[in-house]
Structures are given as structure tokens and as C-alpha cells.
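Here's the structure, in C-alpha cells; my notes come after.
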There are 2 protein chains.
Amino acid sequence: MSPLTTQSELPENTRDRLLIAAREVFGELGFKGATVREICRRAGVNVAAVNYHFNGKEALFMAALELEPITDLIAPDESGSAEERLTRFIREFVGRVMEQGCTPHTRLLLRELHEPSPALDSIAKTFIVPLHQHLTRLVRGVVGDEAPAAEVRRCVFSIFGQCTYYRNSREMNHLVYPELHYDEQEIEAAARHIAEFSLAGIKRVTSD
Amino acid sequence: MSPLTTQSELPENTRDRLLIAAREVFGELGFKGATVREICRRAGVNVAAVNYHFNGKEALFMAALELEPITDLIAPDESGSAEERLTRFIREFVGRVMEQGCTPHTRLLLRELHEPSPALDSIAKTFIVPLHQHLTRLVRGVVGDEAPAAEVRRCVFSIFGQCTYYRNSREMNHLVYPELHYDEQEIEAAARHIAEFSLAGIKRVTSD
DNA sequence: TTGCAGTTCAAACATGCGTTTGATACGCTT
DNA sequence: AAGCGTATCAAACGCATGTTTGAACTGCAA
């Protein structure tokens, strides 16, 4: 097992420091918004290091994505009822997406949903497609095999849409609801809401 | 009634040509991504015109937003049941948000949800807050006054989240579902899905 | 010590950006 | 025709960006 490491601890070698800083800055500002100089400043290395260890900004971005499948999120889950499995997934997904449990790496991926970068294709294949497939299986578990595929797909969209909304619109939402803060309790409530809301919705639209 | 005008027709005067081109380019690329040079190229005017007629890129952006309330979308609607009113709003909202009926101006506003610009505050006050209030009223019409405010707010988020997902994640979704195209029929189906899905969800989470 | 490959560095380079400038053209009144 | 304010233009300015350069440093083998 990999030991829990605080994100403040920096590796010795320049390459890894760059990767860590890159995930932070790309996740905060996006591919275009992030600057090589800011990444190097946070990593405490010279700007030329980006082109020495990688081959420019874009290659650093690709490397920062760590294109390995998110196996744990989409791992087969056989315990409990179909409803419980779907609820658990939503809870886990919302937890990762929201501020608290959101690693720079996750933030980096989420941004890709609405701000395409040069890595859009790779990200789609490596993360989003498996995620959609997994969620589709979970929904199918609830509604059975007879429900039309188009309707199931729309249910998947509805769930993803709700889950990502909380993160992607958080700045605007904070202006609209200044008193609303996403602490552990509110995230838990939001996840439970999305699960209940969606389960009822799923059953309704596939009941014909 | 204002006559239907094709968006290809260009006004004579430089200022209006700039506004039209600005909505296009800002809507496609966002505030930072858009360049003054590209806007001027599309408008067919000199780059200096931006600083002559407005006062720099940011002022042009603000002017392009046309900060007038979207009165028609949030107009009081008393006909039919509460469910019908909510369904109608969702249909109208989704229709505007999706490609077909989406004016450059609407696109410009939608982008603000997840990509804050210097105009975030103004947009929140002028568009988003009234929109949330209106949708909150519609949800209240369905669930009554006893439902907890926090639960109603989450329902509003769920609905907005679903509606905006279709647009904001469309590039990624097109990679995941290449065969899926949003023609008039699919938009209609998506809107109906969101309405049914949400009505069932709303009733479920406020039934305790 | 010498030589060499691997790293790091300050500095410069080329490009694209928003903005400014000074000249020029146009329309209008006198 | 002369004068004047408005509008447009090509060109340049100042700045930030990604990238490159060539020198300096490091550790290790010969």
C-alpha cells in the first residue's frame, strides 16, 4: 500500500516537482490559462526545466494527466442492491469532485469536461468512456435490460450533470447563495439528494 | 414585434459590427481565449476600433453582454398546473441552451457558469439570480411551502445541472457517443426526459 | 586530474497579445 | 474654400508568453 503523503511534501528531483506543480496550476487555470513560468515558480525550478525534462508545455500537460484508468472508481461492486450500488457510486463520485477530497489530478480531469484541451481525446478514452460505461451498468442494474438505450443514456447524463454541476458552477453558485458552504455535511447531503432524486427519476422515465 | 433577422446580415456602423462579432468570439472562446484581433477580423474593422468605440477588451465584453434582464424566460406563467409550468420552463430553457436555438448572446452567458470572467458579478445579479428565483418558485409550486428550503435549493441545482450539462459537456459527449446528434427531435426528447426525471425526483426528495 | 554526460541556470529569442499613436479621410458648418 | 470634429487606418509600443541558448555546475569513471 502506498503511504498517505501530504501534498506539501516535495520530491527531490526536478521532474516530479514539475509534475506536482503542473497538476496544481493546470487544475486551477486550465491548459491555456496556466503558464510555464508559474508552474516552475511553484516547483522551485528553472523555466528551462520544462523543455528539458518534458518537451514543452503540452507534453508536460499530458504527463501530468497520468493516463492510467481510474480503476478504483469503476471497480465492479457486487454488494447490496442495485439501488445501493448506484447510491454508493454517486456518493463516492461527488466526494471526489467536491473541494475537500478533490486532488489536483481530479480537478485537472474535471476541467476537461467543459474546457477541451489538446488532451481531450486521451482523456475521453481513458477516463470518461469507462466512467460512462460503469454508470450505465449501474443504471441498467436498476432498470433492467428492457429499458431503451436512449433513455438509459439520458439518465446517465442526468446523473453526471447533477454531480459535475456542484463543482463546475461553484463560483457562480457562491454568488447566488453566499451563505452556502460545502463542508463535509453539505456534501453528504448533496450526494444523498442526487442519489434519491436520480433513483426516482430513473424509475419514472423507464416505467413505460 | 422585431422581425427575424439572419445573423449574417451586418450593420453598417462599426460599433454594432463589433458587438455582434464580440458575442460570437467571446461565446466560442471565452473572455481570455478570445482575442481583440480575431473579433476585429470578423467584424471587418481595424483593431483600434475596440479602444475607440469602447474602452478596451473588457468594456467591449461588458457591452456585448447586454445586461438587460431576460424577462421573457422568467415571465410569470399562470396557465396550467405547477407540473406543466415547470415542464414548459425546462423545455424552453433546454431549447435555448442547445445549439439550434442558442444565440451567440446566450452562449456567452452560459460560459460564465463555469468560466468566471470580469463580468461574473454583473451576470450573477442580472441573469442567474432571477433565473434561480424563478425556478425556485416553479419548484415550490410543485412541492408546496412546507418543503425545507435546502431541499428545494438542491432540486433547483439538479435541474440546472441537467440542463447545462448537455451544452457544457457537448464536446466530450460527442467523443463518448459519436453517433449522438442533437437535432430538434433529440432536444425535444432530452427536455422531456429532464422534466419527467426531475418531477419524479422533486416529489421523492420532498415527500418526507 | 581530466573528461564527459547529465542538470541547472540566467538570459535572450520569437511570437502574440491589448493598447496607443499619428496620419489620413470624411462630413458638416461657416 | 477653410476649419473642425468624428471615424478609420497602418504601424508601432510594451508586455507576457513558450521556447531556446550557451555557459556553469555536478557526480562519476578513466
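All of these numbers come straight from a predicted model, not from anything done at the bench. The chains referred to below are lettered A, B, ... by the order of the sequence lines, with proteins before strands, and numbering in each begins at 1.
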Considering residues at least two apart in sequence or located in another chain, which fulfil the side-chain hydrogen bond (donor to acceptor under 3.5 Å, both in side chains) criterion with A/Asn51? none
Centroid separation A/Phe157 to B/Phe197 less than 6.0 Å: no
Span of DNA chain C engaged by chain A, first through last nucleotide within the 4.0 Å heavy-atom cut-off, is C/dG6 to C/dA12
Please list, for nucleotides 5-7 of chain D, all pairs of protein and nucleotide N/O atoms separated by less than 3.5 Å.
{"unit_1": "D/dA7", "atom_1": "OP2", "unit_2": "B/Tyr52", "atom_2": "OH", "d": "2.7"}

Ignoring hydrogens and geometry, is there a side-chain-to-backbone donor-acceptor pair from B/Asn168 to B/Arg170 under 3.5 Å? no
State which residues pass ring pair (Phe, Tyr, Trp, His ring centres under 6.0 Å) with A/Phe93; sequence neighbours excluded, sorted by chain then number. A/Phe89, A/Phe160
Only counting residues at least two apart or in another chain, list the ones meeting salt bridge (Lys or Arg N to Asp or Glu O under 4.0 Å) with B/Arg37. none
Reading 5' to 3' through nucleotides 12-25 of chain D, protein heavy-atom contacts under 4.0 Å coded B for base, S for sugar-phosphate only, - for none: B----BBBBB----
By ring pair (Phe, Tyr, Trp, His ring centres under 6.0 Å), which residues pair with A/Tyr182, not counting sequence neighbours? A/Tyr166
Can you run down the side chain to side chain donor-acceptor pair (under 3.5 Å) pairs that involve residues 148-161 of chain A, sequence neighbours left out, and say none if there aren't any? A/Glu151-A/Arg154, A/Glu151-B/His193, A/Arg154-B/Glu186, A/Ser158-B/Gln162, A/Ser158-B/His193
My understanding is that only residues two or more places apart in sequence, or in another chain, count here; which of them pass ring pair (Phe, Tyr, Trp, His ring centres under 6.0 Å) with B/His53? none
Cationic N near anionic O, under 4.0 Å, B/Glu92 to B/Arg96: yes
Bend angle of the helix from C/dT1-D/dA30 to C/dT30-D/dA1 from five-pair axes at both ends, rounded to 10°? 30°
Sorted by chain and residue number, the ring pair (Phe, Tyr, Trp, His ring centres under 6.0 Å) partners of A/Phe26 (sequence neighbours excluded) come out as A/Phe31, A/Phe61
Check residues 118-130 of chain B and write down every donor-acceptor pair under 3.5 Å in which the side-chain atom is one partner and the other belongs to a residue at least two apart or another chain.
{"unit_1": "B/Thr126", "atom_1": "OG1", "unit_2": "B/Ser122", "atom_2": "O", "d": "2.7"}

Lys/Arg N to Asp/Glu carboxylate O, A/Arg42 vs A/Glu24, below 4.0 Å: yes
